[in-house]
Amino acid sequence: MENTHVENTSVETGKESKPKPPCPHEKLVYDSEHGEYVCLETGEVVEEKIIDERPEWRAFTPEERGRRARTGGPLTTTVHDMGFATAIDYSNKDAAGRKLMGKRQELIKLRKWQARTRILTSMDRNLAQAMNELERLGDLLNLPSHVKEEAARIYREAVEKGLVRGRSIESVIAAAVYVACRELKVPRSLDEVSRHTRIGRKDIARCYRLLLRELDIKVGTTDPVDYVPRIVHALGLPGTVVKRAVELLNVAREHGVTGGKDPAGLAAAAVYVAALEVGEKRTQKEVAHVAGVTEVTVRNRYKELAKIFGLDANAV
DNA sequence: AAGACGAAAGTGGTTGA
DNA sequence: TCAACAACTTTCGTCTT
């Protein structure tokens, strides 16, 4: 990674060097597998520790309870009532610990209403269940929290428009997750999403299209570039490979060979070539495996890339 | 022996009548 | 709704390292 800096600056010094920041981080790509942002200019990992905004739900023992650093629920849309919930407990004390003076009857009545209104409408009930499912699915897919938030927002909107009626919560949630991934450029394939649900890819795809249409959401076609960091990382390759692979993909796009092709396959081939170039060879099979395509597809894309760049075995 | 390459047949999804 | 179609996969054989 460091060499890249050196390379860059030494090239740039041609035009009278003012000390630029080593990496402006203008083009960042999210490596969702590891919760990192990777800079396309330098391949540098920008931020590794994404803050975990999830609540600290669990405290099984009194000691654990004491150790919980944060208080209060997170104010997020992934909690069905936005995190606003008041509980009237059974100690008959108010928040300051003073005894509540009202008649017992009154308190009992209050509690009853509280229980009744906490999950007020069927919509709230639906959302509560959906958020549960979203949390589960999000964990299995290693989704960063902002994606889950977006999925939650989409789902909420879907419910409000009555799109869930007649469909299973699970399938709409899965579709919402998929939409959020596409929107936020966190590459997850339809297959990956469906693998963790009981819903087939077909149903999810149908719901996905429905959401796009009904909620008027636009998602760009998947950019192969988005897959690159994930593949590179999975292969344990240096960040320079990311940079090079992205360059290759951009040139390839200009030559118009990327249309209609599986983006994962394209990314895989680019990574394969880039790895070869930096002398960190990986087999086609390895690359294909982590990219979720077959060896043959990698090969075909590779052939097309090779034609453009006129590279035979050499060419560094 | 393992990887790279290519041909041929099969599969799931999209498109256009 | 059906057929044509393109892209991808599976399978298998051959060549190279």
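In what follows, every chain begins at residue 1, and chains take the letters A, B, ... in the order their sequences are listed.
Checked by atom type and distance alone, the side chain of A/Arg230 never pairs as donor or acceptor with a backbone atom of A/Asp226 at under 3.5 Å. Judged by distance alone, the side chain of A/Glu192 and the main-chain N or O of A/Ser189 form a donor-acceptor pair under 3.5 Å.
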Nucleotide-resolved protein contact map, nucleotides 2-11 of chain B, B/S/- at heavy-atom distance under 4.0 Å: -SSBB-----
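For the residue pair A/Ser171/A/Ser168, the side-chain donor-acceptor check at 3.5 Å is satisfied.
Counting only Watson-Crick and G-U wobble pairs whose two distances sit under 3.5 Å, DNA chain C takes part in these stems of three or more pairs: B:1-11 with C:7-17, B:13-17 with C:1-5.
If you measure from atom NZ of A/Lys261 to atom P of C/dA6, you get 12 Å, rounded to the nearest angstrom. As a whole-Å value, the separation of A/Asp262 CG from B/dG12 C1' is 13 Å.
With respect to the salt-bridge test (charged N to carboxylate O, under 4.0 angstrom), the residues A/Asp223 and A/Arg182 do not qualify. Ionic pairing of A/Glu170 and A/Arg198 is present here: one or more N-O contacts between side-chain nitrogen and carboxylate oxygen are shorter than 4.0 angstrom. Using a 4.0 Å cut-off between a side-chain N of Lys or Arg and a carboxylate O of Asp or Glu, A/Lys161 and A/Glu157 do not qualify as a salt bridge. The existence of a salt bridge linking A/Arg153 and A/Glu150 is confirmed by a sub-4.0 Å separation between a basic side-chain nitrogen and an acidic carboxylate oxygen.
Within a 6.0 Å sphere centred on NE2 of A/His196, other residues, nucleotides and ligands contribute more than 12 heavy atoms.
Within 4.0 Å (heavy atoms only), A/Arg206 reaches no atom of the nucleic acid at all. Using a 4.0 Å heavy-atom distance criterion, A/Arg301 is classed as a sugar-phosphate-only contact.
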